[in-house]
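Note on naming: letters A, B, ... go to the chains in the order of the sequence lines (proteins, then strands), and numbering restarts at 1 for each one.
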Protein chains: 2
Amino acid sequence: MISGDERLPLYQRLRDELSTRIAEQHWRAGEAIPSEAELAKHYEVSIGTVRKAIDSLVKEGMIERLHGKGTYVRRARFNASLFRFFRMQNLAGERRIPEGRVLRMELTEAPSIVISNLKLAPGTQAINISRLRLFDGNPMLAESIWLPHDRFAPLLALKPSEFPDLLYPMYEQRFGQVIASAKESLTAEAVGPLHARLLQIEAGSPVMVIERLALGFDQHPIEWRLSRGPASEFRYHVEIR
Amino acid sequence: MISGDERLPLYQRLRDELSTRIAEQHWRAGEAIPSEAELAKHYEVSIGTVRKAIDSLVKEGMIERLHGKGTYVRRARFNASLFRFFRMQNLAGERRIPEGRVLRMELTEAPSIVISNLKLAPGTQAINISRLRLFDGNPMLAESIWLPHDRFAPLLALKPSEFPDLLYPMYEQRFGQVIASAKESLTAEAVGPLHARLLQIEAGSPVMVIERLALGFDQHPIEWRLSRGPASEFRYHVEIR
DNA sequence: GAGTGGTCTAGACCACGGT
DNA sequence: CCGTGGTCTAGACCACTCA
């Protein structure tokens, strides 16, 4: 027996049910969910219906099938996504993780664009982190990261040197905040004096501007960041169908 | 009876079979393919297998299901894709088609980047079109379009004023070249003197550079174009999962 | 009402991963 | 060997479109 709107198809209600369970961390990231046969028996539906529900969750990237082993809740895997931006300069096409250097962190009143993106109440304070990403000591990206205070308060106790290069795994381990998807938007602009200095490029030269809103499984906003990098180092690829 | 590698699953061989038929224009764009029941009978497979094959073609965007009507071969619908780049400045979020003004067309030796993208033999000549796209008379995009001579030779007889605003429908109607997908890549740069003049912007201001390789159903390259537009007018959106 | 795609079932058999 | 997901079948019934 599955709850939910009776008018919806069974496999969709089952999809919602499983999706909710995963979002609630009933099954954790990296763990296997019950087998298809078990789910079919428990929810009293045919195995074909279970497969259809699971199919859609796989397509959404929430879970992962491993033939002969089971169906697993996916771990956050955003590490690679950032690399879509970087021009692969290394001959081997290496995917090195850029060094992350935190310049400043403060609790401050959130500007309106952060308020609306993180869905905060007007006048709320939020955590703002300024960070530089570097390859071989060369600045590649200047990031301004905004986090809601209520979910990330303990973060303020950290020293800049204690931040890891990749933040999302830390969000998951220390705060239980799993990034499931993100929306990005890209523009370019002539660099201003502040970022020209940070990125060590000539004032007025073109920079790519990347806005990213990172969301949890239940679509609630977790982090908003604005990044700038020298345009010459960026190339973004898309396939249109 | 379905041909193809016996080791591949049935539904995948059926997918390939249907895909080939569509690419060969056995069923034309806009027409319906046979019903699921008919296909199941003809190929002597169960209807579930037919549905799985059709599912994957739908996901690829080659065909489209219309409940109660049939399954149709998709028409090229690239008109909308270009708009992903434009900042919607109109309050209503209108999707107007920008005017296309052909500045120059010539048959000339293809540069190496065109050779490799269009898979031409070295030293081959190709058709090059310079075109400006405008909104309300304001230049938005300067395009340099490259086409293989063998497929598009009759195009050279056209006068600049005879070109339509949208080229892909013309490719389809006059040359039987259907654009099925495209690969794009985005960068930004400081504008050079030539494009500054064309786009009527200040020399050195940032422009978005969009490279697009347009492909047919069988993945052969049909058109390569390089477009530049003022960065302030562009915003590109992506969802990462 | 005839014909289409959409949902759902119950079960057989295969391919793969571990023990 | 067992348990997992992957393929495939044959058929019932529903929802939608159009004449």
Side-chain angles (χ1 to χ4, degrees), chain A residues 1-19 21-22 27-75, chain B residues 1-19 21-22 27-75:
Chain A
M1 291 303 101
I2 307 176
S3 61
D5 192 332
E6 299 276 333
R7 295 166 303 181
L8 260 52
L10 243 187
Y11 74 91
Q12 222 167 94
R13 279 181 281 161
L14 180 53
R15 188 217 82 94
D16 294 344
E17 164 78 14
L18 297 176
S19 164
R21 290 230 163 196
I22 294 166
W27 306 299
R28 304 273 178 92
E31 287 178 6
I33 68 174
S35 76
E36 298 179 349
E38 281 173 326
L39 290 171
K41 194 171 180 183
H42 180 261
Y43 289 110
E44 298 175 24
V45 297
S46 88
I47 207 162
T49 303
V50 171
R51 282 189 64 78
K52 250 193 126 165
I54 290 183
D55 275 345
S56 69
L57 289 177
V58 168
K59 210 176 67 187
E60 289 171 45
M62 196 175 235
I63 57 181
E64 190 178 14
R65 284 202 166 101
L66 293 182
H67 194 168
K69 291 190 67 177
T71 304
Y72 291 77
V73 178
R74 284 195 76 160
R75 308 193 144 280
Chain B
M1 292 299 102
I2 305 177
S3 61
D5 192 331
E6 300 277 332
R7 294 166 303 181
L8 261 51
L10 243 188
Y11 74 90
Q12 220 167 96
R13 279 181 282 161
L14 180 54
R15 188 220 81 95
D16 294 343
E17 165 79 14
L18 297 176
S19 165
R21 290 229 163 196
I22 293 167
W27 305 299
R28 304 273 178 91
E31 287 178 7
I33 69 173
S35 75
E36 299 178 348
E38 281 174 324
L39 289 172
K41 196 171 176 185
H42 180 263
Y43 289 110
E44 298 175 25
V45 297
S46 89
I47 207 161
T49 304
V50 171
R51 283 188 63 78
K52 249 193 127 167
I54 289 183
D55 276 345
S56 69
L57 289 177
V58 167
K59 209 176 67 186
E60 290 171 45
M62 196 175 234
I63 57 181
E64 190 176 15
R65 285 201 165 103
L66 293 182
H67 193 167
K69 292 190 68 178
T71 304
Y72 292 77
V73 179
R74 284 194 76 160
R75 309 194 142 279

Do any N or O atoms from the side chain of Glu38(B) and from the backbone of Ser35(B) form a donor-acceptor pair under 3.5 angstrom? yes

Give the C-alpha distance, both sets of side-chain angles, the deciding distance and a yes or no for side chain to side chain contact (heavy atoms under 4.5 Å, CB included) between Leu39(A) and Ile33(A). CA-CA 9 Å; Leu39(A) 290 171; Ile33(A) 68 174; 4.3 Å; yes

Would you mind telling me which residue lines up with the more 5' stretch of DNA chain C, Ile47(A) or Leu66(A), judged by nearest nucleotide? Ile47(A)

Between Pro9(A) and Gly68(A), which has a closest nucleotide on DNA chain C that is more 5'?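 On the 5' side of the pair lies Pro9(A).
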
Set of residues satisfying side chain to side chain contact (heavy atoms under 4.5 Å, CB included) with respect to Leu66(A), sequence neighbours excluded: Lys69(A), Tyr72(A)

Cationic N near anionic O, under 4.0 Å, Arg13(B) to Glu17(B):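 No, no charged N to carboxylate O under 4.0 Å.
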
Are Asp55(B) and Arg65(B) ion-paired here, with the side-chain N under 4.0 Å from a carboxylate O? yes

Rounding to an integer number of Å, can you tell me how far Lys52(A) NZ sits from dG5(D) C1'?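 Going from NZ in Lys52(A) over to C1' in dG5(D) covers 18 Å.
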
5' to 3' contact window, DNA chain C with chain B (heavy-atom distance under 4.0 Å):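 Counting from the 5' end, contacts occupy dG3(C) to dT7(C).
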
OP1 or OP2 of dG5(D) under 4.0 Å from side-chain N/O of Lys69(A): no

Between Ser35(A) and dG3(D), is there a contact of a side-chain N or O with OP1 or OP2 at under 4.0 Å? no

Counting only side-chain heavy atoms from C-beta out, which of dC16(D), dT4(D), dT17(D) sits nearest to His67(A)?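 Minimum distance to the His67(A) side chain belongs to dT4(D).
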
So, do Trp27(A) and Pro34(A) sit near enough that their side-chain heavy atoms are less than 4.5 Å apart? yes

